Amino acid sequence: MPELPEVETTIRGLRPCLEGEVLTLVEPRRADLRRPIPADLRQRLTGARVIGLSRRAKYGLIHTDREDTLIFHLGMSGRWRIAPAQLDKHDHLIIETASGKRLVLNDPRRFGSLDLMPTVDVAAFDPFTRMGPEPLGDDFTPAVLAQALKGRVGPIKLLLLDQKVVAGLGNIYVCEALNMAGISPIRPGGNVSRAAINRLVPAIKQVLAAAIEAGGSTLRDYARPDGELGYFFKQWRVYGREGEPCVCGGTVQRRTDGGRSTFFCPACQK
DNA sequence: ATGTCCACCTGCTGGC
DNA sequence: TGCCAGCAGGTGGACA
């Protein structure tokens, strides 16, 4: 579920449920996920009004009129469920609003996180202080990426997964963008030509934008009252397609880099 | 600073 | 049918 496009569509899906709403119940069901859940979360959020929701990289932010911001990360398996028929054992946070909306944060593997910061201090949230640019922002340009890759010897695939280089990409979209740009995942970062970087930056923006588009429709499915989980759209070119044809006519292969699967086409990715 | 390995956790699938 | 290895969209700490 959760790379940048999934977090973005999650935020868009949560907005109609939360924006302008007063939180009447905020109930953690356990003390920790990846990190401890702030002990004062319930006290600080109950009675507050949500004034806005936003996203930074793969983090979702829920801002309240008490000058607090709830920062959530979905890890590998996190998702929000809207108006669930009943609680699941991995529902770790329950939120209810004055108008009767009910949401739960579900995360079986518990690699996600919940943090609460004064809104004015959000930029100082530790993970944010080390992050590179938003890939969909105007300040993520070929020149900026070229500077970040300069002199780096690690494979480009792993560098794009490094949130300090660019913030929000995950395993799927890195594989997809490298295929779109015709760049080998194992090419050393500093060895990616400027022409290739000029293809890579728009490829990243394009694949993320297309995924957000698709994610929007899937989230509507996901929010259905019957709880139908039809949200796992796939129109990937290489990810999960080992042995299948690439658009170039080559065959998609799979390898392991940094302990994670890489899907790529050796015929067109150089 | 950079690169590499690994731990964190549950659930699912495929092979025997 | 059961068991077990392997794998899954992420992050960050330990170590060379």
Side-chain angles (χ1 to χ4, degrees), chain A residues 1-11 13 29-37 55-60 71-81 87-92 105-115 125-132 135 147-179 185-191 204 207-208 210-212 214-215 218-219 222 229-243 254-263:
Chain A
M1 166 78 176
E3 293 184 45
L4 184 153
E6 290 72 31
V7 178
E8 179 63 32
T9 52
T10 293
I11 287 294
R29 311 274 290 168
R30 55 176 299 125
D32 56 75
L33 296 175
R34 171 183 238 297
R35 293 188 284 274
I37 295 172
R55 177 191 60 74
R56 170 72 170 116
K58 300 173 195 173
Y59 288 84
I71 306 174
F72 68 83
H73 193 290
L74 298 174
M76 292 279 264
S77 58
R79 62 189 193 207
W80 284 91
R81 307 202 296 141
L87 281 187
D88 177 89
K89 68 173 170 173
H90 300 301
D91 289 336
H92 304 310
L105 177 66
N106 183 278
D107 185 2
R109 292 177 74 181
R110 305 202 301 274
F111 287 173
S113 59
L114 286 169
D115 292 279
F125 179 55
D126 202 50
F128 293 170
T129 63
R130 291 187 288 266
M131 266 180 194
Q147 182 61 35
L149 297 179
K150 190 176 175 183
R152 302 293 295 268
V153 297
I156 182 66
K157 194 254 182 167
L158 293 185
L159 290 170
L160 292 177
L161 285 173
D162 182 348
Q163 305 294 295
K164 294 189 289 296
V165 172
V166 56
L169 296 182
N171 205 31
I172 292 175
Y173 298 111
V174 165
C175 291
E176 293 300 308
L178 286 171
N179 176 260
I186 59 173
R187 178 174 290 275
N191 197 22
I204 288 168
V207 72
L208 293 178
I212 289 170
T218 59
L219 192 70
Y222 178 64
L229 303 185
Y231 66 172
F232 204 6
F233 255 75
K234 285 197 172 186
Q235 46 201 37
W236 315 133
R237 302 159 57 107
V238 290
Y239 190 85
R241 294 187 172 277
E242 181 182 15
R254 170 183 174 166
R255 51 173 286 126
T256 300
D257 297 289
R260 312 187 65 192
S261 288
T262 301
F263 297 89

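Computed from a predicted structure; not experimentally measured. Residue numbering restarts at 1 for every chain, and letters A, B, ... go by the order of the sequence lines.
One can place CG of A:Leu149 at 11 Å from P of B:dG3, the figure rounded to the nearest angstrom. If you measure from atom CG of A:Leu33 to atom C1' of B:dT10, you get 13 Å, rounded to the nearest angstrom. Atom CD in A:Gln147 sits roughly 15 Å away from atom C1' in B:dA1 (whole-Å rounding). The interatomic distance linking A:Asp162 (CG) with B:dC5 (C1') rounds to 16 Å, in whole Å. Protein atom CG of A:Asn106 is 10 Å distant from nucleotide atom P of B:dG11, rounded to whole Å. Computed from coordinates, the A:Asp257 CG to C:dC7 C1' distance equals 16 Å when rounded to whole Å. One atom, NE2 of A:His90, and another, P of B:dC9, lie 13 Å apart when rounded to the nearest Å. What separates CG of A:Asp32 from P of B:dC8 is a distance of 13 Å, to the nearest Å.
In this structure a side-chain-to-backbone donor-acceptor pair under 3.5 Å is present from A:Arg55 to A:Ala57. Listed for the A:Glu176 side chain is no donor-acceptor partner under 3.5 Å among the backbone atoms of A:Trp236.
Side-chain contact check for A:Leu4 versus A:Ile212: some heavy-atom pair is nearer than 4.5 Å. A:Pro2 has its side chain out of reach of A:His73: every pair of non-hydrogen atoms, C-beta onward, lies at least 4.5 Å apart. In this structure, A:Leu114 and A:Arg35 have side chains that are not in contact, with every pair of non-hydrogen atoms separated by 4.5 Å or more.
Counting non-hydrogen atoms under 4.0 angstrom, A:Ser113 reaches nothing in the nucleic acid. Contact annotation for A:Lys164: no contact, since no heavy-atom pair falls under 4.0 Å across all strands.
Contact check, A:Ser261 against C:dC7: no side-chain N or O comes under 4.0 Å of OP1 or OP2.
Across all strands shown, B:dC12 is found opposite C:dG6 as a Watson-Crick or G-U wobble partner, with both distances under 3.5 Å.
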- Message: Evaluate A:Phe72 against A:Trp80 for ring-ring contact (aromatic ring centres under 6.0 Å, His included), listing each step before the verdict.
- Response: CA-CA 10 Å; A:Phe72 68 83; A:Trp80 284 91; 5.5 Å; yes
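Straight-line distance between the P atoms of C:dC7 and B:dC5: roughly 16 Å, to the nearest whole Å.
Residues A:Gly258 and A:Arg110 each lie close to DNA chain B; by heavy-atom proximity, the contact nearer the 5' end of the strand is made by A:Gly258.
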- Message: Output one letter per nucleotide in nucleotides 10-16 of chain C: B when a protein non-hydrogen atom lies under 4.0 Å from the base, S when only the sugar-phosphate is that close, - when neither is.
- Response: BBS----
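Using a cutoff of 4.0 Å between basic side-chain nitrogens and carboxylate oxygens, A:Asp91 and A:Arg29 are not scored as salt-bridged.
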